[in-house]
Number of protein chains: 2
Amino acid sequence: MRIGDVARRSGVSVRALRYYEEQGLLKPTRSPGGQREYGEDAVDRVRFFQQLYAAGLPSRRIAELLPCVDTGTTTAEQRAMLDAERDRIRKQIDEYTAALARLDEIVVAAADRRA
Amino acid sequence: MRIGDVARRSGVSVRALRYYEEQGLLKPTRSPGGQREYGEDAVDRVRFFQQLYAAGLPSRRIAELLPCVDTGTTTAEQRAMLDAERDRIRKQIDEYTAALARLDEIVVAAADRRA
DNA sequence: GTAGAACCTACCGCTGACGTCAGGTGCAAG
DNA sequence: CTTGCACCTGACGTCAGCGGTAGGTTCTAC
């Protein structure tokens, strides 16, 4: 698959795919002419990246845990990082939930006024 | 209260407080010498900002909904914005939850391997 | 009245995940 | 063989929420 196909199928831009490679997240082979050639798994991998990006993980962290995904094993360091990230995400969810409650308060207060 | 006091009490930097003013979130009065003078409610307001920032609301949105908080009423436009933000936050929570599940999978898979 | 902490404005710097050129090359179709 | 789209590298631009610095002023304490 060429880069445009991966982009269309995964829903990210061509630029983003080149950026992911720059960050060490994708390692496509090259055609004799120098064009990137992606395997079938590339689309799923990109969707996986998007999920983690959406949870606030930076490229570095994603790159660090790719070996875990590929080998199915973790070093002590990787487990520590995974735990830290999971903790961070849980806290984030709490903060989002709290903020949501604050916005709800505003809505409810305004609704009461109108009632 | 002067800016340093507000900073210490609310846990944000002096620089951040000046930034909030620049964004129209705080409107302290000025002393004859030109120094910012904050009311007692400033600390709570800043904590409120932090909560919303933590949920991914940009300064603009926060500025837009401050009138709602102060007056306890909302215009149709403001209600639409509030609904959109609440929706966005709920989706974000879903995405965070999904990402958390993915990380959990990795941890569990690695744990199984070790077992 | 003077030291020094706290304040002021103005401005440049940083990070991250890309967007957006510019200028050149690869490749499939007719 | 040429059209023309897709691709390439390299490099600068963007946005948000501040951090940090420079150079000068105000306020508080003694």
Side-chain angles (χ1 to χ4, degrees), chain A residues 1-39 42-43 45-66 85 88-89 92 95-96 99, chain B residues 1-39 42-43 45-66 85 88-89 92 95-96 99:
Chain A
M1 248 189 316
R2 301 203 310 185
I3 198 168
D5 302 320
V6 180
R8 268 182 300 277
R9 290 221 254 156
S10 60
V12 308
S13 70
V14 166
R15 178 66 179 89
L17 293 175
R18 290 200 268 251
Y19 175 74
Y20 298 160
E21 182 178 357
E22 202 178 303
Q23 301 302 308
L25 303 182
L26 290 175
K27 283 158 191 156
T29 58
R30 297 294 182 124
S31 78
Q35 302 201 348
R36 292 170 178 83
E37 190 59 32
Y38 296 86
V43 175
R45 268 177 112 75
V46 169
R47 294 212 180 104
F48 178 58
F49 298 158
Q50 289 295 106
Q51 263 196 332
L52 297 184
Y53 276 131
L57 276 85
S59 301
R60 285 183 57 97
R61 295 280 167 244
I62 302 179
E64 282 170 24
L65 60 80
L66 273 186
E85 285 299 333
R88 192 188 56 74
I89 293 175
Q92 278 289 313
E95 290 181 6
Y96 271 71
Chain B
M1 248 189 317
R2 301 202 312 184
I3 198 168
D5 302 320
V6 180
R8 267 182 301 277
R9 289 221 255 155
S10 61
V12 308
S13 70
V14 166
R15 179 69 181 85
L17 292 174
R18 290 200 268 249
Y19 176 73
Y20 297 161
E21 182 178 358
E22 201 179 303
Q23 300 302 309
L25 303 183
L26 289 174
K27 282 157 191 157
T29 58
R30 296 295 181 124
S31 77
Q35 303 201 349
R36 292 169 178 84
E37 190 60 31
Y38 296 86
V43 175
R45 268 177 113 75
V46 169
R47 293 211 180 104
F48 179 59
F49 298 157
Q50 289 294 106
Q51 266 196 332
L52 298 184
Y53 275 131
L57 274 85
S59 302
R60 285 183 59 96
R61 295 281 167 243
I62 301 179
E64 281 170 27
L65 60 81
L66 273 185
E85 284 299 333
R88 193 188 55 74
I89 294 175
Q92 278 290 313
E95 289 181 6
Y96 270 71

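What you are looking at is a predicted structure, and each value in this text was computed from that prediction instead of being measured. Quick note on labels: first sequence line is chain A, next is B, and so on, each numbered from 1. Any value given below was found using the heavy atoms of this structure, including those in side chains, with hydrogens, waters and symmetry copies removed.
Separating the CD atom of A:E22 from the C1' atom of D:dT9 is a distance of 11 Å, rounded to the nearest angstrom. The CD-C1' distance, from A:E21 to D:dC7, rounds to 13 Å in whole Å. In this structure, B:L26 atom CG and D:dC18 atom P are separated by 12 Å, rounded to whole Å. Nucleotide C:dG24 holds its P atom 18 Å from the CD atom of A:Q35, rounded to whole Å. Atoms CG (B:L52) and C1' (D:dC18) sit 17 Å apart, rounded to a whole Å. Note: OH (A:Y38) to C1' (D:dC8) measures 12 Å, nearest angstrom. For the pair A:R60 CZ and C:dG16 P, the computed distance is 8 Å after rounding to whole Å. Atom P of nucleotide D:dC15 and atom CD of B:Q23 are separated by 13 Å, given to the nearest angstrom.
Ion pairing of B:R18 with B:E21 is absent here, as no side-chain N (NZ or NE/NH1/NH2) approaches a carboxylate O to less than 4.0 Å.
Below the 3.5 angstrom threshold, one finds no donor paired with an acceptor across the side chain of B:R18 and the base of C:dT9. For B:R15 and D:dG17, a side-chain-to-base donor-acceptor distance below 3.5 Å is absent, hydrogens and geometry of angles not being considered.
In this structure, B:R30 reaches the sugar-phosphate backbone alone: every heavy-atom distance under 4.0 Å involves primed, P, OP1 or OP2 atoms, never a base. Counting any heavy atom pair closer than 4.0 Å across all strands shown, B:L25 reaches no nucleic acid atom.
With hydrogens and angles left out, the side-chain atoms of A:S59 and A:Y53 include a donor and acceptor closer than 3.5 Å.
Between A:Y96 and B:Y96, the ring planes are tilted. Angles from 30° to 60° get that label.
A sub-4.0 Å separation between OP1 or OP2 of D:dG17 and a side-chain N or O of B:Y19 is present. At the phosphate of C:dC18, OP1 or OP2 sits under 4.0 Å from a side-chain N or O atom of A:Y20. For A:S59, a side-chain nitrogen or oxygen approaches OP1 or OP2 of C:dA17 to under 4.0 Å. The shortest distance between the side-chain N/O atoms of B:R8 and the OP1/OP2 oxygens of C:dA6 is not below 4.0 Å. At the phosphate of C:dC8, OP1 or OP2 sits under 4.0 Å from a side-chain N or O atom of B:R36. Taking 4.0 angstrom as the limit, B:S31 places a side-chain polar atom (N or O) nearer than this to OP1 or OP2 of D:dC27.
For A:R2, the listed nucleotide lying nearest its side chain is D:dC7; candidates were D:dC7, D:dG19, C:dC18.
Between the CD atom of A:E85 and the CD atom of A:Q92 there is a distance of 10.5 Å, given to the nearest 0.5 Å.
Counted within 6.0 Å of CZ on B:R30, heavy atoms from surrounding residues, nucleotides or ligands total more than 12; the atom is thus considered enclosed.
For the pair A:L17 and A:P32, both in contact range of DNA chain C, the more 5′-proximal nearest nucleotide belongs to A:L17. In this structure, A:A16 and A:G33 both approach DNA chain C, and ranking their closest nucleotides by distance from the 5' end singles out A:A16.
Counting only distance, with no hydrogens or angles, the side chain of B:E37 and the backbone of B:R2 share no donor-acceptor pair below 3.5 Å.
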